[in-house]
Amino acid sequence: MSDSDSFINEVTEEVRRDQLYGYLRRYGWIAVVLIIVLVGGAAWNEYNKAQATAKAQAAGDALLSALAQNDPEFRMAALAEVEAEGAAVAVTALLTAAGQQEAGDIPAAMDTLGALAVNGDVPAIYNELAAFKAAMLDPDPANRRVSLEAMAQPGLPFALLAQEQLAHADLAAGNPDGAIARLTAIMQDAAVTRGLLVRAQTLMVSLGAELPNDAIVQ
């Protein structure tokens with residue numbers, strides 16, 4: 001390589017360096033901002049996670065402390081003081097309703113469960129559970145049947161349990177054939193749990209009905 005070629009290459013490299021430094025001076029702040037945003041976003045996410053974990057732990061500790069109260073009034077007062085979010089709200093409401101039911105205040109328990117049943121901030125399964133428990137507490141047989149019939153539709157989370165309660169309602173109304181038909185359907189359902197299956201079979205036997213040949217065996 002000649003001296004002139006070497007000189008040209010050196011000049012070219014120097015120009016490239018000058019251009020690079022120029023770009024850095026002109027646009028380098030963008031890279032700095034991007035780095036700050038990325039690092040800051042990661043830090044903010046970690047902070048939010050830590051805050052959520054701390055809140056969940058505090059709610060859990062408060063619930064355990066409330067349940068440790070032997071006096072029902074103190075326990076209810078402690079539950080009312082629990083600051084919960086998400087699923088913890090549902091657990092707190094269910095425990096509160098149970099305490100109200102234990103104290104004989106059925107209307108209050110139904111109100112608590114009714115509010116939970118329509119609370120869109122908790123997982124849907126808790127809405128369904130609250131609605132089922134509220135129906136079970138309803139003192140009006142006609143209203144209770146309407147609620148249970150709605151929850152007994154195939155595919156719903158508590159369909160089989162609702163069918164079981166409807167079978168008992170049929171028996172109370174003097175309709176053993178209706179009860180047997182419901183119990184048979186329960187025993188033939190692939191989603192039946194062992195406990196429910198045993199209860200259905202026991203009630204069928206007590207009614208003098210034959211167990212279906214295709215009943216689920218567990």
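Keep in mind that this is a model prediction, so the values were computed, not measured.
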N119 (side chain) donor-acceptor with N127 (main chain) under 3.5 angstrom: no
Minimum-distance pair of heavy atoms, taken over all atoms of A179 and A167: CB-O, 3.3 Å
From CZ (R199) to NE2 (H168), nearest 0.5 Å: 7.5 Å
Rounded distance (nearest 0.5 Å) linking atom CG of L94 with atom CG of L113: 6.5 Å
ILVMFWY network linking V146 to L156, side-chain heavy atoms under 4.5 angstrom: no
L166 side, atom CG; L160 side, atom CG - distance, nearest 0.5 Å: 11.5 Å
Cluster overlap V198 with V205, hydrophobic side-chain contacts below 4.5 Å: no
Any side-chain heavy-atom pair of D170 and P176 under 4.5 Å: no
Closest non-hydrogen atom pair, Q101 against L137: NE2-CD2, 3.3 Å
Closest non-hydrogen atom pair, Q165 against F132: CG-CZ, 4.2 Å
Residue pairs fulfilling side chain to side chain donor-acceptor pair (under 3.5 Å) with at least one residue in residues 102-112, sequence neighbours excluded: R75-E102, Q100-T112
CD on Q201 to CE on M187, rounded to 0.5 Å: 6.0 Å
Straight-line distance of F158 CZ to I125 CD1, nearest 0.5 Å: 4.0 Å
Linked, directly or transitively: M110 and M136 (ILVMFWY side chains, under 4.5 Å): yes
Euclidean distance, L203 CG relative to L183 CG, rounded to 0.5 Å: 5.0 Å
Path from L116 to I106 over hydrophobic side-chain contacts below 4.5 Å: yes
Heavy-atom closest pair, residues P141 and P139: CD-O, 3.2 Å
Taking every non-hydrogen atom, the tightest pair across A200 and I186: CB-CG2, 4.3 Å
Criterion salt bridge (Lys or Arg N to Asp or Glu O under 4.0 Å) on R145 and D138, from CA distance to verdict: CA-CA 9 Å; R145 176 176 283 277; D138 197 323; over 6 Å; no
Closest contact, heavy atoms only, M204 versus P212: CE-CD, 4.2 Å
